[in-house]
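Accompanying notes for the structure given below.
Any value given below was found using the heavy atoms of this structure, including those in side chains, with hydrogens, waters and symmetry copies removed.
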Amino acid sequence: MLEVSLKKTLGKFTLQSSFTADKGVLGILGASGCGKSMTLKCISGLQTPDSGSIRLNGTLLYDSESKVNIPSRERNIGYVFQNYALFPHLTVKQNIAYGMKHFEKSLRAQKVTHMIEKMQLKGLEHHYPSQLSGGQQQRTALARTLITEPDLLFLDEPFSALDSHIKYLLEKELMKIIKENFNGIVLLVTHNIEEAYRICDQIMIMDQGQNLQLGPKEDIISKPINLTTARITGCKNILDVSILEEHKDYLLLKSKNLIYKATKHQIPLSDSMLAGIRAHHLRLYSDISHKENVFDCEIMDKIEGVFSTTIIVNCEGNVLQLDIAKASCPHISESNNKIKLHIPMKHVFLMENDV
Ligand SMILES: Nc1ncnc2c1ncn2[C@@H]1O[C@H](COP(=O)(O)OP(=O)(O)OP(=O)(O)O)[C@@H](O)[C@H]1O
């Protein structure tokens, strides 16, 4: 287990973060400059916090009170960077063996051979990084890290430099290899919610040096606790709301002239809350016998993507965005600017207005 509680000020920026991570992949998600890399640097010992403590599998790596500060090279943490940071003048084999200088020579050769086989790099041992494909470079970088048998693995935006087609393939391949060959804690830094959702077990949302929410990825998506986490996780529809009625299982809400139901969740209610509804959860409605949470709306704009259409509507004074698979909205024609909108009550979440 990784237990982190730290404070670090650099110029005008202050990182103040407390969290724990267990085996599996924890995604650290946040906008540029929110402190993701700084968090990793403090844990790995490249930066020294001003105060706090960091403990990995029971071993104290840093503690300001008892003045413990284990040097970076002794923390046993592996890093895979965005551009893989392979040494261009070393071959695949030499790159992989690089971090093993302290191992006995015969053991080193044996481990490198084994790792080359495991990472499907056989036949490429004497190639230089410039002679490798993106996937081969990625596997070499991972091999170089995993051969040191780290307790903790950092992936710092490893896919952000790739274009989307190759990105999915490499992402899938890398995570498969990691799951098969590494049984520890993985911290993945990303600013992409889709990537975090595909790869991670847990997600931690960071903003301006603070971690705002940490939990299973499904909870982070379905129940953002405040406006900042809703925005960072890509929620397009955020409405001012007043709570008209509180029932056992549901709430009756009002946003401008729209009166709608929402499933009740286990969060304390207050007077200054917002309602969030994700664009892909809103539905076009054709069954006129069903009336609950179905509203007449006026289409304001339509943006056609390759596979989905984004529709902007005015719904009782609220501007809402719907993302609809193209195949499921053939009946929207240029001449018809009215639609019936269904707001599924289980997909409306209430949150604090923290901004
Ligand atoms: N050595 C430094 N001196 C002063 N400020 C710094 C220093 N290093 C980082 N910062 C500031 O700390 C903040 C957090 O930086 P960090 O690199 O952790 O961001 P990040 O979330 O990883 O961003 P990105 O996604 O762009 O990599 C930024 O505002 C940055 O400008």
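- Residues Tyr62 and Asn69 approach most closely at CD1-OD1, 3.8 Å, considering heavy atoms.
- The number of heavy-atom neighbours closer than 6.0 Å to CG of Asp240, taken from other residues, nucleotides and ligands shown, is 12 or below.
- Counting only distance, with no hydrogens or angles, the side chain of Asn57 and the backbone of Met1 share a donor-acceptor pair below 3.5 Å.
- With a 6.0 Å radius and a threshold of 12 heavy atoms from other residues, nucleotides or ligands, His265 has its NE2 atom above the threshold.
- Without hydrogens or angle criteria, Ser5 side chain to Gly52 main chain gives no donor-acceptor distance under 3.5 Å.
- At least one side-chain heavy atom of Leu214 sits less than 4.5 Å from a side-chain heavy atom of Leu26.
- Separating the NE2 atom in His342 from the CZ atom in Arg283 is a distance of 8.5 Å, to the nearest 0.5 Å.
- Residues Thr9 and Thr14 have side chains that bring a donor and an acceptor to within less than 3.5 angstrom of each other.
- Taking 4.0 Å as the cut-off between side-chain N and carboxylate O, Lys217 and Asp201 do not count as a salt-bridged pair.
- Contact check for Arg231 versus Ile238: side-chain heavy atoms found under the 4.5 Å cut-off.
- Heavy atoms only, all atoms of each residue included: Leu15 and Gly35 are closest at CD1-O, 3.9 Å.
- Side-chain contact check for Tyr197 and Thr233: no donor-acceptor pair (N or O, by modelled atom type) lies under 3.5 Å.
- Within 6.0 Å of CD on Glu218 lie more than 12 heavy atoms contributed by other residues, nucleotides or ligands.
- If you take CD1 on Ile193 and CZ on Arg198, they are separated by 10.5 Å, rounding to the nearest 0.5 Å.
- With rounding to the nearest 0.5 Å, the separation of SG in Cys315 from NZ in Lys256 is 11.5 Å.
- Of the possible polar contacts, none joining the Asp207 side chain to the Cys34 backbone as a donor-acceptor pair under 3.5 Å is found.
- Within 6.0 Å of the CD atom in Gln208, the count of heavy atoms belonging to other residues, nucleotides or ligands does not exceed 12.
- Using a 4.5 Å heavy-atom threshold, the side chains of Ile324 and Lys302 count as separate.
- Thr190 contributes no side-chain N or O that, together with a main-chain N or O of Leu29, makes up a donor-acceptor pair within less than 3.5 Å.
- Looking only at distances, a side-chain donor or acceptor of Lys36 sits under 3.5 Å from a matching main-chain atom of Gly30.
- Annotation for Glu194: atom CD does not count as buried by contact number, only 12 or fewer foreign heavy atoms lying within 6.0 Å.
- In terms of heavy atoms, Pro224 sits closest to Gln213 at CA-OE1, 3.5 Å.
- Tested against Ile232, the residues Leu227, Ile205, Ile203 include a single side chain to side chain contact (heavy atoms under 4.5 Å, CB included) partner, Ile205.
- For the atom pair CD1 of Ile277 and CG of Asn318, the computed distance is 8.5 Å after rounding to the nearest 0.5 Å.
- Judged purely by atom type and a 3.5 angstrom limit, Gln136 uses its side chain to pair as donor or acceptor with the backbone of Ser133.
- The two atoms that bring Met351 and Ile225 nearest to each other are CB-O, 3.5 Å, heavy atoms only.
- A donor and an acceptor atom, one from each side chain of His89 and Gln94, are nowhere located under 3.5 Å apart.
- The aromatic rings of Tyr98 and Phe87 sit tilted relative to each other, their planes meeting at an angle between 30° and 60°.
- Side-chain polar atoms of Ser106 and Glu104 form a donor-acceptor pair below 3.5 angstrom.
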Determine, step by step, whether Lys23 and Asn183 satisfy the side-chain contact (heavy atoms from CB on, under 4.5 Å) criterion, reporting the C-alpha distance in whole Å, the side-chain angles of both residues, the deciding distance to 0.1 Å, and the verdict.
CA-CA 7 Å; Lys23 279 182 184 171; Asn183 188 27; 3.7 Å; yes
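- Judged by distance alone, the side chain of Glu125 and the main-chain N or O of Gly123 form a donor-acceptor pair under 3.5 Å.
- Between Phe154 and Ile43 there is a side-chain heavy-atom pair separated by less than 4.5 Å.
- Although no hydrogens or angles enter the test, the distance criterion places no donor-acceptor pair under 3.5 Å between the side chain of Arg75 and the main chain of Leu56.
- Separation of atoms CG (Asn95) and CD1 (Ile147) is listed at 11.5 Å; rounding is to 0.5 Å.
- With respect to the salt-bridge test (charged N to carboxylate O, under 4.0 angstrom), the residues Glu246 and Lys264 qualify.
- Pairing each heavy atom of Pro150 with each of Thr145, the nearest pair is CD-O, 3.5 Å.
- Between atom CD of residue Gln138 and atom CG of residue Leu86 there is a gap of 10.5 Å, rounded to the nearest 0.5 Å.
- Minimum heavy-atom separation, Gln321 to Asn237: N-OD1, 2.7 Å.
- Side-chain N or O atoms of Asn293 include one that pairs as donor or acceptor with a backbone N or O of Lys261 at under 3.5 Å.
- Arg55 places no side-chain N or O within 3.5 Å of a backbone atom of Glu3 that could act as its donor or acceptor partner.
- Each of Leu188, Leu187, Leu146 was scored for a side chain to side chain contact (heavy atoms under 4.5 Å, CB included) with Leu153, with one residue passing: Leu146.
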After noting the C-alpha distance and the side-chain angles of Asn353 and Ser272, does the key distance pass the side chain to side chain donor-acceptor pair (under 3.5 Å) rule?
CA-CA 7 Å; Asn353 187 355; Ser272 63; over 6 Å; no
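- Remark: the Ser308 side chain and the Asp323 side chain contain no N/O donor-acceptor pair separated by less than 3.5 Å.
- Residue-environment remark: NZ (Lys7) stays at or below the threshold of 12 foreign heavy atoms within 6.0 Å.
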